[in-house]
Trainee: 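Here it is, the structure in full.
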Amino acid sequence: MKNPHFSSFNQAFTVFEKELNPEQREAVYHSGGPALVIAGAGSGKTRVVTFRVAYLVKKGIPPSRIFLATFTNRAAKEMVRRASHLSGVELSSLWAGTFHHLANMALRKTAPLIGYSKDYTILDREDALELLRSVRKEFLEKKEKKKFPKENVLQDIYSLAVNTGTSVENVILEKYPDLFKYLEDIEKIKVEYEKKKKALNVMDFDDLLYYFLKILEIDKVREKYAEFFLHVIVDEYQDTNLLQARIVEYLGNIHRNIMVVGDEHQSIYSFRGARFKNILDFLEKFPDAKIYTIETNYRSTPEILRVATSIISSSIFSFKKGLKPVRKNGEKPKLVVASDVYRQAVFVADKILEYYEEGVPLSQIAVLYRNHFHSMELQMELTRRGIPFVVRSGLRFFEQAHIKDVLAFLKILQNPKDELAWRRVLKLFPGIGDKTASAIFNKLGEKGNYWEVFLEYKPRNETVKESLHLLYQIFQRLETNKENVSASIECVLDMFYAEYLEENYPNWKSRVEDVLQLAKYAEGFPSLEAFLSELSLLGGMRAEDIFIREGEECVVLSTVHQAKGLEWKIVFIIWLAENHFPYYKSFEEEEIEEERRLFYVAVTRARDILYLVYPLSVGNDPWDFRILRPSPFLEDLDSSCYEEWRIE
């Protein structure tokens, strides 16, 4: 009589043979011990992880004794669903999810070991921010430090310290040197914040990883978990941080069945604490690890892969691997040189319309860029044309809070009766809330002249008095530059708003940069009225000019970071100019290498057609007109990889 389990396994084996290529099968059938799977872009990395789980289950490994860490919980659910279908086994007991999710599962059983009850509550970012805000306020009540960093800045500092396994002092020295004078108080607030969380029996997201590692540092606990998990599998290993890598080592140090899967060429999240060297160091920690290299690419045409290979061939830190195309030949990528940033936007919009007329769904077209402000001119051009688009990299440029704040000053210059603009501006200043803003605006209505109000309004609060005096100085300066929109924006930034951003946002430098880019954009307008009228298009214009067929909603605009893991038929990469891509703040060798990997990720998002675009110049003001050089990454490319187009 046939063994039904043997028959079932044979059926699954047939599916594996059919759906996996030889490279993938070799990794999936790994016999045991540590394994490093290096999977290039578009090579079916997720498929390998999914089939590996199904293979282990079919071999008789209990699902509850498999630890599967993924980049998102959504990815984990899809892998488990697919693995369950392949294996014919219900996998609800599988430990699968993000490291934070898995840490929570473990801590629910072991929290008392680190001073928590098992019924602790997990704070989301906003709740954690609110708790930190209360601790900060209580600590500073007696100190009155006006420019002391806000709670969201503190939250980012503490988070980065935890995720990189370093001290608050090191984070401040490297990322926030201007805050070093507050180091002692920042560290004291962190201590109070930790005490408060324990007293309330709550943890934030970073605590989940931190305390999971802490309990694994207890010998008996570590041995228990390491003995329990027969297999540890990690997806996207190149994006793990120091804590996550240590957790993996601890969990796998008895059975040593650790399989990590990733692509060192797609490690682009160091700003979040991801440690690129984790994947490079894996062989040092596990010298007997078996290496599996998966190079067959199913996504892109050979021509696009030639560009990708050319980019990464200069990489200093990498394993030896290539990308082998499965698809037939297609179009050569185009290197497009536009005369200026506006012509760059016009070119992209023209091509999008051409492809749409040829039947390409808008949702299969993406425009990628290094920084969010790089999409500004394009957003305006797409809006003028009535081409619908969605911004994956955040809010549309002109809908961001810091841009709307600055524009509110300009709207008041244009129309002193604009109550909404007044309320927005007034509430930016210390001491002015809704009630005070209403009282001031009512006075404005009575006088009809804000100069008089600023001089005559006599608030009891000294802080409000100082705020109104500063407002008076700002608007006095703005009146002298009323028709020079660019100068007006820089005036607001210099006299008040840069300091406001620094005090209120952890990413204040990038916000300042956005405002400076807005000032450069404004150089092309002859008057304040023309500038504000143009921007009103973004709020009032819709895509009536194009009939949207079902499933073809929008062109995608995205930073490269937000585009990782996605793909489109047609991809435009714009602003490929020196100091823009790579980013001008990238000085160190490792930073430049990460920028190179970012370019590689951008290129490998394209399936059929790729455009590499850069402008020759930026700025309309003769005093600020600049010639741009192409990105050094473009200069590194083999010129036979692309066709060059020049757009006058």
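This one's a predicted model, so the numbers in the text were calculated from it and none came from an experiment. Because only heavy atoms are used, hydrogens play no part in the values below, and waters and symmetry mates are left out as well, while side chains stay in.
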Trainee: Working to the nearest 0.5 angstrom, can you tell me the gap between T301 OG1 and N329 CG?
Mentor: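 Interatomic distance, T301 OG1 to N329 CG, rounded to 0.5 Å: 8.0 Å.
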Trainee: Can you tell me how far the CG atom of L628 sits from the NE2 atom of H580, to the nearest 0.5 Å?
Mentor: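 Output value for this atom pair is 5.0 Å.
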Trainee: Evaluate E595 against F599 for side chain to side chain contact (heavy atoms under 4.5 Å, CB included), listing each step before the verdict.
Mentor: CA-CA 6 Å; E595 293 287 306; F599 185 31; over 6 Å; no
Trainee: For the residue pair H372 and Y369, does the interplanar ring angle fall in the parallel (under 30°), tilted (30 to 60°) or perpendicular (over 60°) class?
Mentor: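 Ring orientation, 0 to 90° scale: tilted.
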Trainee: Would you say NZ of K569 has more than 12 non-hydrogen atoms from neighbouring residues, nucleotides or ligands within 6.0 angstrom?
Mentor: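 Open: at most 12 neighbouring heavy atoms sit under 6.0 Å from NZ of K569.
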Trainee: Flag the pair R299 / R605 as yes when at least one side-chain heavy-atom distance between them is below 4.5 Å, and no otherwise.
Mentor: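 Yes, side chains in contact.
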Trainee: Is the F496 to F429 ring centre distance short of 6.0 Å?
Mentor: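 Yes.
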Trainee: Keeping the roles fixed (side chain from R327, backbone from R607), state whether a donor-acceptor pair exists under 3.5 Å.
Mentor: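 Here the side-chain-to-backbone pair exists.
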Trainee: Output yes when a side-chain donor or acceptor of N73 lies under 3.5 Å from a complementary backbone atom of T98, and no otherwise.
Mentor: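 It does hold such a pair.
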Trainee: What's the separation between atom CH2 in W422 and atom CD1 in I412, rounded to the nearest 0.5 Å?
Mentor: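 The CD1 atom of I412 is 4.5 Å from CH2 of W422, to the nearest 0.5 Å.
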Trainee: Between E594 (side chain) and S270 (backbone), is there a donor-acceptor pair under 3.5 Å?
Mentor: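 It does hold such a pair.
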Trainee: Scan the side chains in residues 485-493 for donor-acceptor partners under 3.5 Å anywhere in the protein, sequence neighbours excluded, and list what turns up.
Mentor:
unit_1, atom_1, unit_2, atom_2, d
S486, OG, A519, O, 2.9
S488, OG, N481, O, 3.0
S488, OG, N484, O, 3.2

Trainee: Can you give me the closest heavy-atom contact between Y497 and H402, atom names plus distance?
Mentor: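 Heavy atoms of Y497 and H402 come nearest at OH-CA, 3.1 Å.
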Trainee: I'd like to know whether CD of E643 has more than 12 heavy-atom contacts from other residues, nucleotides or ligands below 6.0 angstrom.
Mentor: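 Correct, the count exceeds 12.
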Trainee: Are the side chains of E635 and P630 in touch, meaning some heavy atoms are under 4.5 Å apart?
Mentor: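 The answer is yes, as the side chains (C-beta and beyond) meet within the 4.5 Å cut-off.
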Trainee: Is N21 reaching over with its side chain to a backbone N or O of E23, donor-acceptor style, under 3.5 angstrom?
Mentor: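 A pair under 3.5 Å: yes.
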Trainee: Specify the closest pair of heavy atoms between V337 and L616, including all atoms of both residues, with the distance to one decimal.
Mentor: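 In terms of heavy atoms, the two residues are closest at CG1-CG, 3.5 Å.
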Trainee: Give me the atom names and distance for the closest heavy-atom approach of L362 to E553.
Mentor: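 Between these two residues, the closest heavy atoms are CD1-O, 4.2 Å.
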Trainee: Salt bridge between E303 and R306, side-chain N to carboxylate O under 4.0 Å?
Mentor: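 Judged by the 4.0 Å cut-off on N to carboxylate O distance, E303 and R306 do not form a salt bridge.
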Trainee: Using only atom types and a distance under 3.5 Å, with no angle test, would you say the side chain of S617 pairs donor to acceptor with the backbone of S339?
Mentor: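 Yes; judged by distance alone, with no hydrogens or angles, the pair exists.
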Trainee: Begin from the C-alpha positions of R477 and I474 and carry the test side chain to side chain contact (heavy atoms under 4.5 Å, CB included) through to its verdict.
Mentor: CA-CA 5 Å; R477 181 83 63 83; I474 292 171; 5.9 Å; no
Trainee: Rounded to the nearest 0.5 Å, how far does OH of Y356 lie from CD of Q364?
Mentor: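 It is 14.0 Å, given to the nearest 0.5 Å.
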Trainee: Is the closest basic N to carboxylate O distance between D156 and R125 below 4.0 Å?
Mentor: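 Salt bridge between D156 and R125, a charged N being under 4.0 Å from a carboxylate O: yes.
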Trainee: Would you call R596 and E593 a side-chain contact if the rule is heavy atoms closer than 4.5 Å?
Mentor: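 Heavy-atom side-chain distance check passes, below 4.5 Å.
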Trainee: Which distance, rounded to the nearest 0.5 Å, do you find between the CG of N579 and the OG of S631?
Mentor: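 If I round to the nearest 0.5 Å, the distance is 9.5 Å.
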Trainee: What residue among Q24, E236, Q266 forms side-chain contact (heavy atoms from CB on, under 4.5 Å) with K45?
Mentor: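 For K45, the side-chain contact (heavy atoms from CB on, under 4.5 Å) check succeeds only for E236.
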Trainee: Check step by step if side chain to side chain contact (heavy atoms under 4.5 Å, CB included) holds for V153 and Y505.
Mentor: CA-CA 6 Å; V153 179; Y505 294 102; 5.9 Å; no
Trainee: Compare every heavy atom of L598 with every heavy atom of V560, then report the nearest pair and how far apart it is.
Mentor: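 Nearest heavy atoms, V560 then L598: CG1-O, 3.3 Å.
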Trainee: If you count heavy atoms of other groups shown closer than 6.0 angstrom to NZ of K564, is the number above 12?
Mentor: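 Yes - once you tally the heavy atoms of other residues, nucleotides and ligands closer than 6.0 Å, there are more than 12.
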Trainee: How close do P333 and V307 get, heavy atom to heavy atom, and via which atoms?
Mentor: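 Between these two residues, the closest heavy atoms are CG-CG2, 3.7 Å.
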Trainee: With distance as the sole test, does N152 use its side chain to make a donor-acceptor pair with the main-chain N or O of N504 at under 3.5 Å?
Mentor: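 Between the backbone of N504 and the side chain of N152 there is a qualifying donor-acceptor contact (under 3.5 Å).
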Trainee: Salt bridge or not between R272 and D239? Use side-chain N to carboxylate O under 4.0 Å.
Mentor: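 Here R272 does not pair with D239 in a salt bridge, since their nearest N and O are not under 4.0 Å apart.
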Trainee: Who are the side chain to side chain contact (heavy atoms under 4.5 Å, CB included) partners of S300, not counting sequence neighbours?
Mentor: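 Applying side chain to side chain contact (heavy atoms under 4.5 Å, CB included) to S300 gives N297, I304, L305.
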Trainee: Would T46 and R82 count as a side chain to side chain contact (heavy atoms under 4.5 Å, CB included) if you check the C-alpha gap in whole Å, the side-chain angles of each, and the deciding distance to 0.1 Å?
Mentor: CA-CA 11 Å; T46 301; R82 178 69 173 140; over 6 Å; no
Trainee: I want to check something: taking the side chain as every heavy atom from C-beta on, are L557 and L382 in contact at a cut-off of under 4.5 Å?
Mentor: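 Yes, close enough: below the 4.5 Å cut-off.
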Trainee: Is the NZ or CZ atom of R597 positioned over F276's six-membered ring, under 6.0 angstrom from the centre and within 45° of the axis?
Mentor: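 Yes, a cation-pi geometry.
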Trainee: Would you mind reporting whether K334 and E644 have side-chain heavy atoms less than 4.5 Å apart?
Mentor: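 When only atoms from C-beta onward are counted, K334 and E644 do not touch, as no gap falls below 4.5 Å.
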Trainee: Could you tell me if the side chain of P632 sits less than 4.5 Å from the side chain of P582, heavy atoms only?
Mentor: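 Sidechains of P632 and P582: in contact.
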Trainee: For a side-chain contact (heavy atoms from CB on, under 4.5 Å) with D405, tell me which candidate from L428, V515, V425 qualifies.
Mentor: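 Only one of L428, V515, V425 forms a side-chain contact (heavy atoms from CB on, under 4.5 Å) with D405, namely L428.
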Trainee: Does a side-chain heavy-atom distance below 4.5 Å link D350 with R385?
Mentor: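 Touching, per the 4.5 Å side-chain cut-off.
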Trainee: Is the distance between the ring centroids of W568 and Y611 less than 6.0 Å?
Mentor: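 No, too far apart.
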Trainee: Does the pair E381 and R384 meet the rule for a salt bridge (charged side-chain N to carboxylate O under 4.0 Å, His left out), with working shown?
Mentor: CA-CA 5 Å; E381 188 62 29; R384 286 192 196 101; 2.9 Å; yes
Trainee: Consider ring-ring contact (aromatic ring centres under 6.0 Å, His included). Of Y614, F581, F572, W575, which one does H374 pass it with?
Mentor: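 The option that passes is W575.
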Trainee: Assess whether atom CZ of F205 is packed by more than 12 heavy atoms of other residues, nucleotides or ligands within 6.0 Å.
Mentor: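 It does not: F205 CZ has 12 such atoms or fewer within range.
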Trainee: With rounding to the nearest 0.5 Å, note down the distance linking CD in E499 to CG in L470.
Mentor: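 Answer for the CD-CG pair, E499 versus L470, is 8.5 Å.
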Trainee: Would you say the side chain of T383 lies within less than 4.5 Å of the side chain of F389, judging by non-hydrogen atoms?
Mentor: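 SC-SC contact between F389 and T383 confirmed.
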Trainee: Determine the interplanar angle of the Y269 and F71 rings, folded into 0 to 90°, and report it as parallel if under 30°, tilted if 30 to 60°, perpendicular if over 60°.
Mentor: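 It falls in the parallel class, under 30°.
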Trainee: Is there a donor-acceptor pair closer than 3.5 Å between any side-chain N or O of N278 and the backbone N or O of T240?
Mentor: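 Side chain of N278 to backbone of T240, a donor-acceptor pair under 3.5 Å: yes, one is there.
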Trainee: Could you pull out the closest heavy-atom pair between S310 and D638, with the gap in Å?
Mentor: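 Nearest pair, atom of S310 first, then D638: OG-N, 3.1 Å.
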